[in-house]
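This report refers to the structure that appears directly beneath it.
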Amino acid sequence: MNKSKTAILMDSGCDLPNELIERYGIKVLRLKVMYGDKMYSDGVDLDPLEVYRRFPDEIPKTSTPNMQEVTDIIDEIRAEGYERIIAVAISSELSGTYNVIAMTLRGIEDMQTYAYDTKNISIGAGLYALWAAQQLDKGVSFEEVIAGLERKIHDSKVFFYMDTLDYLRKGGRISPAVAVVGKVLGIKPIISCNDKGVYYTVAKIRGAKKGIGKLMEVAMEFADGRKCMIGLMNGDAPETAAQVRPMIKEQSPKGEIVVDKQITATMAVHTGPGLIGIGILYTD
């Protein structure tokens, strides 16, 4: 436990690997994946690769935690001796998770709490949770970490090359018209989140090779040669990630790849196979 007795709580959509979760004692509120009446806990009892194996015949639904689930994990945190909570959540424009967490925390009177809407998704949000946990580990105070997060709200960005828009459409994240046009024209999009935390198209490319090249271009433009933490994510595309990894190391010498993994099941549901993502958070 850190000196300030502050717990970092994040939702599983933040997509940090178990190794970092365990190293920094981060608490995880699990999103849910539902196949019919059967519910799975994200990152616990459903392998993301199983989601791909069941496409396209079975496309599950995802759901946010309820207030009781948030209350239960707060009780666990309290029982471990923590006195403060910093909760980090994926964009409130893409999920109801932040609102549920914030509403529940407002009812907690015996602990200091703070809910952070990252305006981001996947590792773009997760790097904030990791940064906050590292700061606490260094002895930075609860108040200083919160102030740092608020200053850094525009310091993180994740860019996704997506092989198809079908799953974003089926999940209601983009309009059917946009997805159909993309499919007909063979367009491969680069997707990110804007300052409001809403998906937008950074670029449209035809062909996978051009897509990966453009992904690197926009990601490295954002990295801007600065010191940063980098997350390399893939959606059932480990071979492509292996090709991108040395490119990142060469083009971002001040960057450190701190996360390199398959995206979590709830992300897989909405993005489909063939995804490559690069998340960046400035640390200077």
Side-chain angles (χ1 to χ4, degrees), residues 1-18 20-34 39-45 62-153 155-156 193 196-197 264 266 281:
M1 183 182 296
N2 51 66
K3 291 180 180 178
S4 67
K5 295 185 178 180
T6 301
I8 298 296
L9 171 63
M10 71 171 198
D11 66 76
S12 62
C14 292
D15 223 349
L16 285 182
N18 289 332
L20 292 176
I21 290 169
E22 292 169 6
R23 183 189 305 175
Y24 292 102
I26 296 170
K27 308 301 179 182
V28 184
L29 185 65
R30 301 289 173 179
L31 307 182
K32 300 294 188 293
V33 179
M34 295 170 292
M39 186 175 291
Y40 298 88
S41 185
D42 190 25
V44 175
D45 51 16
T62 59
S63 72
T64 59
N66 57 45
M67 290 184 70
Q68 186 58 56
E69 289 171 308
V70 181
T71 299
D72 289 345
I73 200 166
I74 291 171
D75 289 343
E76 291 175 19
I77 290 169
R78 184 188 292 108
E80 290 180 20
Y82 289 97
E83 298 174 357
R84 300 167 186 85
I85 298 172
I86 295 175
V88 177
I90 58 176
S91 174
S92 60
E93 293 294 328
L94 299 175
S95 167
T97 308
Y98 167 78
N99 292 327
V100 173
I101 291 172
M103 189 180 303
T104 307
L105 289 180
R106 280 196 289 271
I108 303 299
E109 298 180 352
D110 62 333
M111 304 175 78
Q112 288 181 279
T113 65
Y114 172 76
Y116 186 60
D117 182 355
T118 63
K119 308 293 185 183
N120 233 305
I121 194 74
S122 183
I123 199 61
L127 289 176
Y128 279 122
L130 177 58
W131 180 86
Q134 290 175 338
Q135 295 304 300
L136 291 171
D137 203 48
K138 293 175 184 176
V140 178
S141 72
F142 172 77
E143 292 80 9
E144 289 173 310
V145 173
I146 291 172
L149 285 171
E150 292 182 349
R151 284 195 305 270
K152 295 178 76 62
I153 189 59
D155 283 5
S156 180
C193 293
K196 294 181 179 179
T264 196
T266 48
L281 173 67

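Computation of the quantities below employed the complete heavy-atom set of this structure, encompassing side-chain atoms and omitting hydrogens, waters and symmetry-equivalent molecules.
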Worksheet entry | Residues Val145, Tyr114; criterion side chain to side chain contact (heavy atoms under 4.5 Å, CB included); working and verdict | CA-CA 10 Å; Val145 173; Tyr114 172 76; over 6 Å; no
Practice prompt. Quick one: do Met67 and Val70 satisfy side chain to side chain contact (heavy atoms under 4.5 Å, CB included)? Show the steps, please.
Written response: CA-CA 5 Å; Met67 290 184 70; Val70 181; 5.5 Å; no
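- Pairing each heavy atom of Ser91 with each of Lys196, the nearest pair is OG-O, 4.2 Å.
- Note that CG of Asp155 is 5.5 Å distant from OH of Tyr128, once rounded to the nearest 0.5 Å.
- Nearest heavy-atom pair across Leu31 and Pro65 is CD2-CD, 3.5 Å.
- Using a 4.5 Å cut-off on side-chain heavy atoms (C-beta onward), Ser95 and Asp11 make no contact.
- Distance OH/Tyr24 to CG/Asp137: 6.0 Å, rounded to 0.5 Å.
- When all heavy atoms of Gly43 and Arg30 are compared, the closest pair comes out as CA-NH1, 3.8 Å.
- Taking every heavy atom of both residues into account, Gly197 and Leu94 meet most closely at O-CG, 3.4 Å.
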Item to complete: Mind running side chain to side chain contact (heavy atoms under 4.5 Å, CB included) on Ile26 and Val88 for me, showing each step along the way?
Response: CA-CA 10 Å; Ile26 296 170; Val88 177; over 6 Å; no
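- Residues Lys32 and Ser41 share a closest heavy-atom pair of CD-CA, 4.1 Å.
- Here the CG-OG distance, from Asp42 to Ser63, works out to 10.0 Å after rounding to the nearest 0.5 Å.
- The main-chain N or O of Ser92 is found under 3.5 Å from a side-chain atom of Asp117 such that the two form a donor-acceptor pair.
- Here the straight-line distance linking atom OG1 of Thr266 with atom OH of Tyr40 works out to 15.0 Å at 0.5 Å rounding.
- Taking 4.5 Å as the limit, every side-chain heavy atom of Lys27 sits out of range of all side-chain heavy atoms of Ile85.
- Taking 4.5 Å as the limit, every side-chain heavy atom of Val33 sits out of range of all side-chain heavy atoms of Met39.
- Using a 4.5 Å cut-off on side-chain heavy atoms (C-beta onward), Lys5 and Arg84 make contact.
- Remark: Thr118 OG1 to Lys152 NZ distance equals 13.5 Å, nearest 0.5 Å.
- At a threshold of 4.5 Å between non-hydrogen side-chain atoms, the residues Cys14 and Ile90 count as touching.
- Side-chain contact between Tyr116 and Ile146 is absent, with no heavy atoms from C-beta onward closer than 4.5 Å.
- With contacts defined as side-chain heavy-atom distances shorter than 4.5 Å, the pair Leu281/Leu130 does not qualify.
- Just one residue in the list Asp72, Asn66, Thr71 forms a side chain to side chain donor-acceptor pair (under 3.5 Å) with Gln68, and that residue is Asp72.
- When side chains are defined from C-beta on, Leu16 counts as touching Ile123, because their heavy atoms get closer than 4.5 Å.
- Note that OH of Tyr82 and CD1 of Ile77 are 8.0 Å apart. Values are rounded to the nearest 0.5 Å.
- Residue Ile8 comes nearest to Ala132 through the heavy atom pair CD1-CB, 3.7 Å, listed as atom of the first residue, atom of the second, then distance.
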